2 protein chains.
Amino acid sequence: MSVQSQAFTGNCSDCPVRHRAVCAHCEIDELDELESIKYYRTFEAGQTIIWSGDKMAFVGSVIAGIASLTQTMEDGRTQMVGLLLPSDFVGRPGRDGSAYDVTATTDVVMCCFRKKPFEQLMARTPHIAHRLLQMTLDELDAAREWMLVLGRKTAREKIASLLSIIARRDASLSPNGPSGAMVFDLPLTREAMADYLGLTLETVSRQMSALKRDGVILLEGKRHVTVPDMGRLMEEAGDDSDGGLMA
Amino acid sequence: MSVQSQAFTGNCSDCPVRHRAVCAHCEIDELDELESIKYYRTFEAGQTIIWSGDKMAFVGSVIAGIASLTQTMEDGRTQMVGLLLPSDFVGRPGRDGSAYDVTATTDVVMCCFRKKPFEQLMARTPHIAHRLLQMTLDELDAAREWMLVLGRKTAREKIASLLSIIARRDASLSPNGPSGAMVFDLPLTREAMADYLGLTLETVSRQMSALKRDGVILLEGKRHVTVPDMGRLMEEAGDDSDGGLMA
DNA sequence: CGATCAGTTGAATATGGTCAACGGCTGTGG
DNA sequence: CCACAGCCGTTGACCATATTCAACTGATCG
């Protein structure tokens, strides 16, 4: 499976997430410093990027692909606690170990910075520290929004919530169908969806079928989704209409 | 209900959270600047501190008491997404509105800073920005740990998880019983516990009774809890032994 | 004293989980 | 080329867990 970065040469100025990642606000000279401590790594779908508890040698940005953060209990139950998309930051400056497993859901390209030099650079570079604070606050908001989904929504609402998040995120990128319908491919298996939603994969499958039966979504194959009416989907999600941000 | 700060005069050097709050790493001169934009406010139990969607005029630290962050759906379902304890920070620099309701669970004393001057000060003061980043990363970890609780734990495990968090947090402050038993008062009603755990208050009540019946906890009245064996409680929570991170 | 509030408990029910069978695809090897 | 295994997903039958609705207790307050 190819990732979009095949044409990417490793130059920050060509970087697809240049304006959104942790380096977004950097000046030229700061970018030069980052360049000197950065390197690229690719991970295949399914591969673990960082193990929970391991000490991390690097931090970095996801450039292409999707990674997930998961927590695991001793008896094997798992909960996905975050989805990392291109431009998202991986790692925790100021702490050695990761609290969760980071796994490549699709093939992933990362821009890594050696951790020590990055921390030192951050101490000298308010632009980076400030951007990281912003991003962390956004992630905190997202995590808390997800807590509402996990704690209070029904299985059907959970599925609808996940679909509407993915749909809105892909809104800019993917081709829109007729009459403002949204079309996208699910980047997750049913099992990954279940891990994200705190459900079993059987329940995910059933509710997907139910939403399809009720005309809320159309399915072509297992992964290709068309949402004829976003408003309807958002109602199903319990997020009446607005949903917060729909630039 | 009296709060412990009655003797607190409003001087940073006497502040009970001086070394843990957002101002923890400040030098004397930075502290002086903070003093000039700070003021105290008290909120009675049950009072709303900030409404979701409102624009905030201030940010600040909880000095005494407990506040909670809650999300609400149109149909009234609510989920608590954070508990704010003394030293925790309220508000989001760089954004006007709050994404959640902030409510005083007990009587609360806050040290407030006018938002604009605080943001300006933060831009000039790496110590504050850095401390805020640390605290935000900690909150993010806590939120993600809670996602596992909400998504994958049984009602009994959820209750045990909440009790062990409260117990560990009060560990330093409260008097320990004999043989390392932990003793504390629940700062939450059954309903607030339910909101935090994604359960109904009836289920909370039943599981509390069950844990009491099984000798995992002792109850005196409704709120006074003794945990004779923390290890046992942690097992019940599914968090084998360690429990992760809570300095 | 009644009223209100926090909490407990019971009985019936619904929602999602568990276990199991099965369908469709893809890749491999005879 | 077909047979087969492995993976992802769907569906059904049954069951467990937590919710719902309701009655009830004990404390506090005016």
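Predicted model only: the values in this text are computed from it and were never measured.
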Enumerate donor-acceptor pairs with a distance under 3.5 Å from any side-chain N or O in residues 191-200 of chain A to protein atoms, sequence neighbours excluded.
from: A:Asp195; atom 1: OD1; to: A:Thr78; atom 2: OG1; distance (Å): 3.1
from: A:Asp195; atom 1: OD1; to: B:Arg152; atom 2: NH2; distance (Å): 3.4
from: A:Asp195; atom 1: OD2; to: A:Thr78; atom 2: OG1; distance (Å): 3.3
from: A:Thr200; atom 1: OG1; to: A:Thr203; atom 2: N; distance (Å): 3.3
from: A:Thr200; atom 1: OG1; to: A:Thr203; atom 2: OG1; distance (Å): 3.0

In Å, rounded to the nearest 0.5 Å, how long is the span from CZ of B:Arg169 to CD1 of B:Ile66?
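The CZ atom of B:Arg169 sits 5.5 Å away from the CD1 atom of B:Ile66.
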
Working to the nearest 0.5 angstrom, can you tell me the gap between B:Leu186 CG and B:Phe184 CZ?
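The CZ atom of B:Phe184 is 5.5 Å from CG of B:Leu186, to the nearest 0.5 Å.
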
Using heavy atoms and a sub-4.0 Å distance, could you list which residues of residues 146-161 of chain A are near DNA chain C? By number, please.
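Here the set is A:Thr154, A:Ala155.
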
Under 4.0 Å, heavy atom to any atom of DNA chain C: which of residues 211-223 of chain A qualify?
none

Under the salt bridge (charged side-chain N to carboxylate O under 4.0 Å, His left out) test, which residues partner [X], sequence neighbours left out?
{"X": "A:Asp141", "result": "B:Arg92, B:Arg95"}
{"X": "B:Asp185", "result": "none"}
{"X": "A:Glu157", "result": "B:Arg77"}
{"X": "B:Arg156", "result": "B:Asp214, B:Glu236"}

Of B:Thr203 and A:Arg206, the one whose closest nucleotide on DNA chain D sits nearer the 5' end is A:Arg206

Chain B on DNA chain C: first and last contacting nucleotide, 5' to 3', under 4.0 Å to a heavy atom?
C:dG7 to C:dA11

Tell me which residues in residues 188-202 of chain A put a heavy atom below 4.0 Å from DNA chain D, sorted by number, or none.
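Per residue number, the list reads A:Thr189, A:Arg190, A:Leu201, A:Glu202.
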
Contacts of type ring-ring contact (aromatic ring centres under 6.0 Å, His included), residue A:Phe89, not counting sequence neighbours
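A:Phe118.
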
Closest non-hydrogen atom pair between A:Val17 and A:Ser87, with its separation:
CG1-N, 3.5 Å

Exercise: identify the closest heavy-atom pair between B:Ile166 and B:Pro187
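Here B:Ile166 and B:Pro187 meet closest at CD1-CD, 4.0 Å.
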
Which residue pairs pass the ring pair (Phe, Tyr, Trp, His ring centres under 6.0 Å) test when at least one of the two sits in residues 197-234 of chain B, sequence neighbours left out?
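For residues 197-234 of chain B: none.
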
For residues 39-54 of chain B, the side-chain hydrogen bond (donor to acceptor under 3.5 Å, both in side chains) pairs (sequence neighbours left out) are B:Lys38-B:Tyr40

B:Leu162 vs B:Trp146 side-chain heavy atoms within contact, under 4.5 Å
yes

Tell me what A:Ser209 touches on the nucleic acid: a base, only sugar-phosphate, or nothing, going by heavy atoms under 4.0 Å.
sugar-phosphate

